[in-house]
There are 2 protein chains.
Amino acid sequence: MAPRKKNAPDAATTSSPVSMADLARELNVSMTTISRALSDHFSIGPAMKQKVLKLAKKYNYQPNHMASALRKGKSKLLGIVVPYIEGRFFPSVVHGIETAASKAGYNVIICQSNEDVAQERRNLDSLLSAQVAGVLVSLSRTTLDHKHFDKLRSRGLPLVYFDRVVEGDNVNTVVLDDREGGYLSTRHLLAQGCRRVAHFAGPQHLNIYRNRRQGYFDALREAGLPEDESMVIYTDMLQEQGAAGLRQLLALPNPPDAIFSAGDYCALGAMQEARRQGLRVPEDLAIAGFSNEAFTVVTEPNITTVDQRCEEMGQAAVRLLLEVIDSKGESFTPRQVALRPELLVRGSSLRPALAPVAKKMAASRAKTVG
Amino acid sequence: MAPRKKNAPDAATTSSPVSMADLARELNVSMTTISRALSDHFSIGPAMKQKVLKLAKKYNYQPNHMASALRKGKSKLLGIVVPYIEGRFFPSVVHGIETAASKAGYNVIICQSNEDVAQERRNLDSLLSAQVAGVLVSLSRTTLDHKHFDKLRSRGLPLVYFDRVVEGDNVNTVVLDDREGGYLSTRHLLAQGCRRVAHFAGPQHLNIYRNRRQGYFDALREAGLPEDESMVIYTDMLQEQGAAGLRQLLALPNPPDAIFSAGDYCALGAMQEARRQGLRVPEDLAIAGFSNEAFTVVTEPNITTVDQRCEEMGQAAVRLLLEVIDSKGESFTPRQVALRPELLVRGSSLRPALAPVAKKMAASRAKTVG
DNA sequence: TTGTAGGCGTTATCAG
DNA sequence: CTGATAACGCCTACAA
């Protein structure tokens with residue numbers, strides 16, 4: 001062990017961190033007093049409190065969270081496990097999480113599963129070892145069973161899933177209300193005067209895509225329109241598939257006058273293909289996507305889409321997690337939160353003739369439906 | 001203190017974490033033996049090692065990093081401070097950092113300064129308290145002096161700046177070679193046959209923009225072309241400023257046939273304005289941007305740009321930081337790393353007539369110049 | 001090859 | 001109001 005020189009003028013370059021013991025020695029009081037003064041304990045007189053605080057500032061005292069956590073058995077660390085930190089969605093959610101967590105005095109450890117269950121398992125072990133106070137997870141695509149999360153539960157570690165969640169009512173989850181998103185989007189297209197609205201659906205084993213499709217059908221039914229499976233194209237939400245999908249739709253005896261795509265990339269592909277086919281967007285074909293990708297405000301026209309409230313999702317997840325953490329002892333009844341999506345009406349779906357009116361309607365709708 | 005039942009069948013729902021002491025008791029050996037067996041110490045026989053490892057697995061033992069860090073005075077945590085986690089750049093860098101760090105057995109705590117020095121200061125305190133082993137920083141825009149980082153240095157805490165760095169040769173930095181990026185881009189435009197290349201420059205108090213401009217001038221000089229300040233438009237790299245900038249350039253007696261923009265958004269604005277003015281891109285006006293924003297492959301034509309190697313930057317920063325950490329004791333000579341940018345030639349700058357040849361040239365150049 | 005004991009910095013408990 | 005003391009879980013000199 002390196003010899004530590006206490007109470008000695010520090011070496012030229014590096015100095016050891018100041019501990020409570022150092023402050024205690026300096027003031028000729030006990031560590032207890034220091035500890036209490038710093039944590040604003042009622043049993044310490046204001047005079048002493050001031051003295052301690054002043055000295056702490058002078059010596060630039062930083063509490064050692066590890067020691068505190070070790071002693072208390074509770075750290076001020078939250079763990080995040082996401083598939084990856086790229087694209088638009090996850091970074092924004094992480095942004096929201098970090099903001100909310102730091103506001104509550106927590107630091108955040110971030111892990112990526114890279115869409116790999118094995119990695120996800122290791123992430124959990126890693127967070128366990130780091131003694132986090134709770135964990136926020138968005139499942140990897142390859143996660144089929146969730147036994148590895150029992151390890152957390154058996155340790156009594158609070159857990160909240162977001163976006164890609166375990167379904168059930170005994171888990172804490174925060175998701176976007178995808179059904180509502182699909183519903184709002186489709187209803188908007190119908191309000192534009194479109195009568196044959198097609199749908200680009202995503203993989204139906206993922207609940208987000210199932211729900212968006214459900215919202216689409218709900219809006220059709222509400223408008224008294226039939227559910228026509230020939231108008232639904234199943235894709236993996238890739239750009240090229242949007243182009244191919246549109247070609248397929250145009251070959252129908254009765255082609256669509258609008259498309260609600262469950263993803264922006266697919267919508268983009270369709271819009272580009274429409275141009276190649278000589279169709280005007282939105283006059284001949286109205287298009288709406290999903291996710292509010294950055295490029296949707298760069299295309300000509302801009303693409304109507306649904307915002308996923310990434311940041312709110314992060315904040316809601318943290319709020320829920322902290323509730324569970326703070327309720328330690330009493331048994332907390334798991335809760336499932338669904339966030340309102342926001343429809344963003346843009347040029348790709350706004351029929352010029354109806355524009356002034358429709359814009360207003362759409363705007364008020366997007367707000368009031370929430 | 002809650003009573004802990006050692007060695008007792010665990011309560012129905014939650015169980016306490018298993019410690020080395022628990023394992024030691026079970027095997028009737030000392031904690032020392034357990035500790036050594038788990039850390040693969042040479043003085044422990046293979047038989048005992050096996051026994052311990054098996055029991056550890058059975059009880060799902062997770063080492064307590066906090067205790068270990070407290071004892072050793074060294075944690076396995078790295079701290080990151082970034083202005084924010086959004087857009088394309090920072091998330092990708094963070095992605096690279098987390099990947100490299102976790103490969104080396106480190107966890108990563110992430111903090112956002114929100115472009116605010118005061119917040120940045122708090123972030124540092126927070127990381128100090130969390131006992132991180134080192135810190136990676138990209139400066140907030142409002143950070144003018146760097147005194148608050150002395151706190152780290154005086155604690156002997158390794159520090160690496162990336163992207164937005166403190167300039168000097170006594171700090172560790174990782175940046176993109178922006179000059180080279182500007183040079184490659186401009187040279188490419190010249191190779192396309194353009195002879196009047198304009199430049200959208202960014203705020204010159206930021207070194208990245210200064211350097212991109214320098215690369216632009218270097219390429220012009222190399223081609224024997226004059227430096228013409230009337231062809232340089234100073235902007236904040238906003239989309240609208242690109243449009244305005246182009247209008248300004250077109251009003252010149254001798255308008256440009258190409259633009260090298262120090263940012264993609266500005267390039268986009270110019271491209272949209274060019275279309276409005278009836279100019280063909282790239283035939284009448286070749287355009288190149290900077291940053292490889294996601295939308296550059298979505299526009300028509302796609303936008304030629306310079307990739308900033310976000311992920312490599314993160315990895316390089318971690319490598320450097322770990323070097324400093326591992327060199328503890330010997331004095332480490334600070335190092336400044338500059339990453340090679342990658343020119344991505346796309347439709348906005350590829351003159352059709354020259355396309356087949358030029359494409360090949362540009363490609364080989366982008367690789368070999370590096 | 002294994003064990004003993006002390007301490008990292010903090011806080012809870014109990015005693016003044 | 002304040003102080004002494006013992007733990008939290010792990011590591012490591014030193015002893016056996």
Side-chain angles (χ1 to χ4, degrees), chain A residues 1-7 16-52 56 59-77 128-133 155, chain B residues 1-6 16-52 56 59-76 128-133 155:
Chain A
M1 178 118 290
R4 283 199 50 201
K5 22 197 154 154
K6 301 238 175 192
N7 225 0
S16 350
V18 177
S19 78
M20 286 186 174
D22 300 323
L23 300 182
R25 203 169 313 111
E26 177 95 5
L27 288 182
N28 280 313
V29 295
S30 77
M31 277 171 47
T32 314
T33 303
I34 303 291
S35 173
R36 284 172 173 156
L38 290 174
S39 51
D40 205 30
H41 193 275
F42 66 91
S43 74
I44 301 291
M48 179 56 100
K49 240 174 232 174
Q50 282 315 309
K51 265 208 298 193
V52 172
Y59 282 164
N60 216 303
Y61 166 78
Q62 300 290 146
N64 185 326
H65 283 174
M66 302 218 134
S68 166
L70 180 59
R71 178 62 239 259
K72 299 205 288 194
K74 270 291 136 227
S75 80
K76 282 293 200 176
L77 289 173
L128 233 28
S129 287
Q131 309 294 119
V132 296
R155 282 267 219 298
Chain B
M1 178 118 293
R4 284 197 50 200
K5 16 189 162 164
K6 304 239 173 189
S16 352
V18 177
S19 77
M20 286 187 176
D22 300 323
L23 300 182
R25 204 171 312 110
E26 176 94 6
L27 288 182
N28 280 314
V29 296
S30 77
M31 275 173 52
T32 315
T33 303
I34 303 292
S35 172
R36 285 174 173 158
L38 289 175
S39 50
D40 206 27
H41 192 275
F42 65 93
S43 74
I44 301 290
M48 180 56 96
K49 239 173 230 174
Q50 282 315 309
K51 266 208 299 194
V52 172
Y59 281 160
N60 216 304
Y61 168 77
Q62 300 289 145
N64 184 326
H65 283 175
M66 305 217 129
S68 163
L70 181 59
R71 176 62 238 266
K72 298 205 289 195
K74 270 291 136 225
S75 80
K76 282 293 200 177
L128 233 29
S129 287
Q131 308 295 119
V132 296
R155 282 266 217 298

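Residue numbers start from 1 in every chain, and the chains themselves are labelled A, B, ... in the order their sequence lines are given, proteins ahead of strands.
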Item to complete: Kindly indicate, with the supporting measurements, whether the criterion side chain to side chain contact (heavy atoms under 4.5 Å, CB included) is fulfilled by A:L23 and A:V18.
Response: CA-CA 8 Å; A:L23 300 182; A:V18 177; 3.9 Å; yes
Calculate the interatomic distance between [X] atom [atom1] and [N] atom [atom2]; express it in whole Å.
X	N	atom1	atom2	result
B:Q131	C:dG9	CD	C1'	9 Å
B:K72	D:dC10	NZ	C1'	9 Å
B:I44	C:dG3	CD1	P	8 Å
A:R25	C:dT10	CZ	P	12 Å
A:L70	D:dA6	CG	P	17 Å
B:N64	D:dC11	CG	P	9 Å
A:L23	D:dG3	CG	P	14 Å
B:K51	C:dT1	NZ	P	15 Å

Fill in: Single hit among B:I44, B:V29, B:L27 for side-chain contact (heavy atoms from CB on, under 4.5 Å) with B:V52
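Checked B:I44, B:V29, B:L27 against B:V52; only one passes side-chain contact (heavy atoms from CB on, under 4.5 Å): B:L27.
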Considering only heavy atoms from C-beta outward, does the side chain of [X] approach that of [Y] to under 4.5 Å?
X	Y	answer
A:I34	A:R25	no
B:R155	A:P17	yes
A:M66	B:S75	yes
A:N64	B:L70	yes
B:E26	B:Y59	yes

Worksheet entry | side chain to side chain contact (heavy atoms under 4.5 Å, CB included) between A:L38 and A:Y61, intermediate numbers included | CA-CA 10 Å; A:L38 290 174; A:Y61 166 78; 3.5 Å; yes
Report which part of the nucleic acid [X] touches: base, sugar-phosphate, or nothing (heavy-atom distance under 4.0 Å, all strands).
X	value
B:G73	nothing
B:M31	base
A:T32	base

Fill in: A:H41 backbone acceptor or donor facing A:K49 side chain under 3.5 Å
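Looks like yes, one N/O pair under 3.5 Å.
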Phosphate-side-chain proximity, [X] and [N], N/O vs OP1/OP2 below 4.0 Å:
X	N	answer
A:S35	C:dT10	no
B:S19	D:dG9	no
A:T33	D:dT2	no
A:S30	D:dG3	yes

Worksheet item: Shortest non-hydrogen contact from B:Q131 to A:P63?
Response: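 Distance-wise, the nearest heavy atoms are OE1-O, 4.4 Å.
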Worksheet item: Taking five pairs at each end, how big is the angle between the two axes of the helix from C:dT1-D:dA16 to C:dG16-D:dC1, to 10°?
Response: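 Terminal axis comparison yields 40°.
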Worksheet item: Is there a donor and acceptor pair, one atom on the side chain of A:R71 and one on the base of C:dT10, closer than 3.5 Å?
Response: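 Under the 3.5 Å cut-off, the side chain and the base do not form any donor-acceptor pair.
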Worksheet item: Which listed nucleotide (C:dG3, D:dG9, C:dT11) is nearest to the side chain of B:A67?
Response: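 The closest nucleotide is D:dG9.
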Discussion item. With the threshold set at under 4.0 Å for non-hydrogen atoms, list the residues of residues 36-43 of chain A touching DNA chain C in residue-number order.
Written reply: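 Hits under 4.0 Å, by residue number: A:R36.
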